[in-house]
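A short write-up of the structure that comes next.
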Amino acid sequence: MTKDNLLGGAGPATRAIHLGYDPASENGALTPPIYLTSTYAFETAEDGVATFAGERAGYVYGRSRNPTQAILEARIADLERGEAGLALASGIAAITATILSLAKAGDLVLVDQVIYGCSYSFFANHITRFGVEVVFADFTDPDALEAEFAKKPALVFFETPSNPNMRIIDIRRIAQMAHAVGALCIVDNTFSSPIIQQPIALGADIVVHSATKFLGGHGDLLGGIVVGSAKTIAAIRNAGLRMITGATISPFNAFLILRGLKTLSLRMKAHCASALAIAEHMSANPAVRAVHYPMLPGFKDVALARSQMSGGGAVVSFQLVGGREMGMRFINALKLIKCAVSLGDAETLVQLPAGMTHATYTEEERRRFGIPEDLVRLAVGLEDIEDLLLDIDGAFESIGSARTGTGG
Ligand SMILES: *Cc1c(COP(=O)(O)O)cnc(C)c1O
C-alpha cells in the first residue's frame, strides 16, 4: 500500500508527512481517509476463520485495529526508530495497557520517582493491587541504583525530561543497567517528541507517548502511542488493548494526529526556540529564584541533555522569590497565557504542579521525591515570542516584582 522504499534517506519532517501512505491505494486521495467502521466483512466463513487465526492478512474488528490508525502507527514507529507502533485512546491508556500486558503478579517494576501524576498513581496505588511490586527511586543518580537493579526488576519505567521539574535521566546508562538484569526499559517520551529525542536509538526497548501533547499538537484530542519490537507491540495490542483496557483510539483522532504530525518538526523548532528564550529571560529576572530548562546554560543537567536531545522542548519550570503564594499571583496576573494543564498546544499554558498535575502525590511524597510546592510549570506555545515576553513581564510588574534587566 505504500512506496516507503522511496523514503530511504529522507529526514524526519519528510517521513512524518509521507510514510505509510500511498494515495494511489485510496483513489488518489492526498489525505488519508477516515475509516468509520466498527467491523469488517469477509467473503466467506473460511476467510473469517483464517483472518482470526492470523493466517490471512486483513482487519477483523475495530477494537484492535483500523486502517487510519495503522498509518499513524507506522509513521510514529518510524519516527521513534522502532519496529512497530500501537495507538490508543490516551497516554494513560498507552502506559496502563503496556504495563498490564507485560507485568505479572510477583514481578518488580522499578520506576523513577518523578513522573506524570496519574502515571505515578497507577504505579503507586493501582497496579500494586494485583501483586505487582513497585519501587520508586531517583534515576538521576544511576550509581545509587545498583541495589535496586540487583532485585531484578522485570520492567523499568521513566520519563526524561521528567514532568514537572525537568530532571534529565541518562537513557543509555539506565537501558544498559536494565538489560544487564534482563529487564525491559520503557521511556515516556511525551516531553520531547521523536523530533528531539529517540530513546530506542539510545537503547530503550519501548517508548510511550501521550499523543494529546506534541503529536496531536492542537489541544483538541486525547491519544496515546506505544512503540517497540513487533513481538512486544503484538502482545500489547492483543492483551492490553483488545482484552484488558479496550481503550481504542477513534479513527477520527488517529486522523487528527496524522494531521498534527505533518507540522511536528516545524512546531518543535518553534516551541524549543521560544522556550529557551523565555528560560533565559526568566533567569535574568531577580524575582525568579530558579529556572529548570534542559538547554539553559548553567542548568544542572545541560551536558547530559545535549548528549541525548537536540532541543529542550516546550516546558520551562521555575520558582519565584516569595514561593507558592507569589507563583499563584503570577499565574493569575498573566493575560494571554492561560492557566491550564497539558502542553504541546499552540496556546501557552501555565499551571502549579503541586496543586494540579502532581496533586496525586501526597505532600510528603512530593517532599521526599523533590517536587517543589512552589514550582510553576509553563508550557510554551506557538505565539509570537515578543507577545509572550510582554505578558510575562506585565505579570511581574502587576504583582510588584522586579522586571527583567534587558533594556529596563
Ligand atoms: C499528559 C501526560 C500523560 C498522560 O497522557 P493522557 O493523554 O493525558 O492520558 C503521560 N505522560 C506524560 C509525560 C504526560 O505529560
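Keep in mind that this is a model prediction, so the values were computed, not measured. Remember, it's 1-based here, ligands and their atoms both numbered in the order they're listed. In what follows, residues are counted from 1 in the order of the sequence shown.
A salt bridge does not link Glu325 to Arg329: none of the charged side-chain nitrogens sits closer than 4.0 Å to a carboxylate oxygen.
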Enumerate, atom names and distances included, each donor-acceptor pair closer than 3.5 Å involving a side-chain atom of residues 27-37, sequence neighbours excluded.
residue : atom : partner : partner atom : Å
Tyr35   : OH   : Glu26   : OE1          : 3.1
Tyr35   : OH   : Glu26   : OE2          : 2.7
Thr37   : OG1  : Thr39   : O            : 2.8

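The side-chain hydrogen bond (donor to acceptor under 3.5 Å, both in side chains) test with Thr348 is passed by exactly one of His271, Glu383, Lys338: Glu383.
For residues 106-135, the salt bridge (charged side-chain N to carboxylate O under 4.0 Å, His left out) pairs, not counting sequence neighbours, are Lys104-Asp107, Asp112-Arg167.
Taking the six-membered ring for Trp and the full ring otherwise, the centers of Phe318 and Phe330 sit less than 6.0 Å from each other.
For ligand 1, the protein residues placed under 4.0 Å by at least one non-hydrogen atom are Ser90, Gly91, Ile92, Ile95, Tyr116, Glu159, Asn163, Asp188, Thr190, Phe191, Ser210, Thr212, Lys213, Gly223, Leu343.
A search for side chain to side chain contact (heavy atoms under 4.5 Å, CB included) contacts involving Asp78 returns Arg15, Leu19, not counting sequence neighbours.
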